[in-house]
Amino acid sequence: MPLLTLKDSDGAFEAQLPGSLRRLRLGDLHPSMDSAGRYFLGHVLLNFPTTILGNGQMLFKAVLAEPVTGTSPPKTSAINTVFFGAVAEECGMFIRQGDLLAITGFKCSESPSASKDGRHPFQMELQEENAPTVYVYVKAQTTTFMLTEPSVPKPGYAYTPLSKLQVGTIVNVFAVVKHFKAPFRTKGTDYCSAVTIVDPSDVKLTCNIFNGNCDALPKISKIGDIVRFHRLKIQEYKTEKQGTPGAGFSSVTFDGTVGAAVMPRTSSKSFSFSYEDSTTVTALRRWASAHLPPPPSPVTLSTVQPMAYFDLTCQLVGKAEVDCCTFLLKVWDGTKCLHPHTKVRVETGALVGDEGFIYKLRNLTVDVLVFDNHARTAESLMVGCFIRINSLHVKSQTSNISEEVETPCLDFLLHGGTGYGRGITILPESNSDVLELQRTLDLKLLDLDDHMNIEEAPSCGLDGTAMEPTHKELVPMSKDPVSLPSVSLPRCQQSSATVITAHHHMNTTSLKDIQNMKAPQKYRIRAQLMEFEPQRINESIKLYCSNCQSLQDVPDEEELDMILQNRAATAVKPGLLNLALCRSSTVKRENQDGSPVVLYFLKCGRWETPQDRLLMIEGGTMQEIYQLSEKFHSVVPVTTEGKHLSFPDFSAPFLIQGKRCYYGCRRCSSLKSIQDRYVLTEKDSLDPDVISRALGIVLLQCVLVMKLTFNDGTDLLDAYLWDTSEQFFHISAAEVLSNDAVREKLQGIMKKLCPPEAKLEDHPWLECCIKSYNVKDEINSTICYQIFDTVVVEDA
DNA sequence: GATTAGGCTTCG
């Protein structure tokens, strides 16, 4: 094995190397030199994807930089390092930017690209025949940055004031963001973010930062943020200096607010962060607060002025395509726009989002029309996400100002182009503005619930066609009244096993009265639970698509094994692999006469240990998949199709994490090819949302669906419980399937709500909000009922 | 390791 890892917990890197080895410096390298007994020490500045040469040999290239001890780096500190064959395969999978390596057993040759890349005139080459060894220094703690790292040779970064920049140099800078553009796709291959920065030397510099991965761009969220750029190349454009990423460019961003925590934001997994950096951030914050104009105070929908441009931080409630170059975004920020504003009409069915929620917020949302390049961004936004719309135009529809007859109607427009930073940014949930917004929205929602009354019940209801089959299946049949249960205590004195979370002003309606009323309506009821379906608790969990509203059963392990067996039987040639994407290994099973199991290890991710790696598997039973998912973070079942990997179908989960299975919607998903090497590694995230989005899969949500039969002594009523947000039971539907303890907890609750052995009169009383809605088919129209805004009392 | 864009508001 040419690759050896040494842990930082075991001491300093060089102290762990074999004592006989002596260190070679960059100046010692020469084609005539013998590297036996010697090693070269360097940080990985850059690494390129592993490729296959014309002769079928694998090649991995990295640029190494000798750790610098002085204050400023020498001119040529970087050297190209080329790994061949098996060495390339192994090192290419493991080595990443920022790693510290010690290399032995290499040859030196002339670098064919030295004149172009300005690096060392020679390059290092590692071939298996020379028995090379690559020692990698592994940090035990990789998730967070380290404040001090005394045992690792750390490059001493020097920062150039913006007034001292020279064209043609590569520098490190620390400065305040004066202006920025949210990342946008260029006409080339990359995303770009334009950032203008200033520092206490009172000079500004515009930088165009490019990267093929949008997430790798500086994580700037607002003007006043502080950025640290390493290896920024200074160019000249129209007599002005300009910054652009130099080789190995990296960026770290900090909040610019005086007194805020100094938390670095970056997508780099490995980056330095020292005590000095922290004091620089503090100093820059103080300088900016005293010398720069204060950042514009945030505008909300309630404070918006006509004919203005502003940045809006908001939540996306709904979206719809208007035409090829226009998209509608329905957003809210918890405040009410005081001016009349345009409501955009879209074709029925075009609006994506929760109908009920859109209706509930109808007086608080504004319709934003986004054009051209932004329409494409808008299309990919997930309803519910938090966004910042930069340079949103509030346009008054009254063209002639002299005609001030009425209050003007406002249009919210995001014009095409990126001028003035126009754009849409998805804000992470950890963003401080989002946390504040979330609080505002939560309070507003509570407020809304309190003021919502029966007259406000939506007329649209939940009578979507896609839900019909389920509801028809479960449509209440028995409506014969039964004898009144004898109750020993007055009802008002009995505690409830469930309570309502809103609508307390509503009076209780008897089930008999409800049966005589038209839908849709909202009611408050007090009744006992007579029975519920399904009795087998696992069957109450369904897979729901929020996009097409379809509902389906979750296959059990037996069904899944059948599906997997059929797949294996119809597979043409298992094990055909795409080398550029991953490494495969075939696992033989002693007790099996059937097809082999092939495992594919993804090469291009940054995941290093099995616990944070994604594995693809071809063949295998569900039990085997679960076994693997205990060791690997994520398991994706695949099949081979021609020369590439593909997804079999949607009958089985497309992703397994631990005991949790994730399914895709066969109707709404449009699969992207795994052929694209970036597909699975987008953002290097193993989040099911990110993976499913990257694969073009619309993720199905686990929901808990039950039919509850109530009896209040006046009549019986069947109501559906549709618990999508863990509200009713405080239980995650998905966990009912994957966690035995959670399933038992749910069974326990149901036992208490509806004790199987007890007489109905001894069942606990429940207080519930229910709403009625119409379910229509070609011939009939039935009224169904659904429970809402009700929760089980803990320890019911 | 080329290229992209290169803040200084719009068709709507």
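Bear in mind that the values here come from a model prediction, so they are computed numbers and not experimental data.
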Residues at least two apart in sequence or cross-chain that pass ring-ring contact (aromatic ring centres under 6.0 Å, His included) with A:F180, listed by chain then number, are none
Applying a 4.0 Å non-hydrogen cut-off, can you work out what A:K395 is touching in the nucleic acid: base, sugar-phosphate, or nothing?
base
Considering residues at least two apart in sequence or located in another chain, which fulfil the salt bridge (charged side-chain N to carboxylate O under 4.0 Å, His left out) criterion with A:R231?
none
Write down the distance between CE (A:M307) and P (B:dT10), rounded to a whole number of angstrom.
13 Å
For A:E240, does the CD atom have more than 12 heavy-atom neighbours from other residues, nucleotides or ligands under 6.0 Å away?
no
Between A:K233 and A:F371, just flag the one whose closest nucleotide in DNA chain B comes earlier from the 5' side.
A:K233
Taking CZ from A:F327 and C1' from B:dC11, how many angstroms apart are they, rounded to a whole number?
20 Å
Results of ring-ring contact (aromatic ring centres under 6.0 Å, His included) for A:F327 - residues two or more places apart only
none
Rounded off to whole Å, could you give me the NE2-to-C1' distance for the A:H393 and B:dT9 pair?
8 Å
Heavy-atom contacts, protein to nucleotides 3-8 of chain B, under 4.0 Å, summarised as B (base), S (sugar-phosphate only) or - (none) per nt, yield BBBBBB
Measure from CG on A:L414 to P on B:dC11 and round the result to the nearest Å.
12 Å
Between P of B:dG1 and NZ of A:K116, the distance in whole Å
8 Å
Partners passing ring-ring contact (aromatic ring centres under 6.0 Å, His included) against A:H415 (at least two apart in sequence or in another chain):
A:H393
Using 4.0 Å as the upper bound for N to carboxylate O, is an ion pair formed by A:D372 and A:R376?
no
Taking donor-acceptor contacts at under 3.5 Å, does the side chain of A:D411 reach the base of B:dG12?
no
Just how far, in rounded Å, is C1' of B:dT9 from CD1 of A:I424?
16 Å
Partner set under ring-ring contact (aromatic ring centres under 6.0 Å, His included) for A:H230, not counting sequence neighbours:
A:Y157, A:Y159
Base, sugar-phosphate, or nothing for A:S391, non-hydrogen atoms under 4.0 angstrom?
base
Grab the CG-C1' distance between A:N373 and B:dC11 for me, whole Å please.
14 Å
Which pairs pass salt bridge (Lys or Arg N to Asp or Glu O under 4.0 Å) with one or both residues in residues 381-394 of chain A, sequence neighbours excluded?
A:R388-A:D433
Does A:G416 reach a base, just sugar-phosphate, or nothing at all? Heavy atoms under 4.0 Å.
base
Residue pairs passing the side chain to side chain donor-acceptor pair (under 3.5 Å) test where at least one lies in residues 314-333 of chain A, sequence neighbours excluded:
A:Q315-A:W332, A:D323-A:T326, A:K330-A:D367, A:D333-A:T335
Between B:dC11 and B:dG6, how far apart are the two C1' atoms, rounded to whole Å?
24 Å
Where along residues 291-303 of chain A does a heavy atom fall under 4.0 Å from DNA chain B?
none
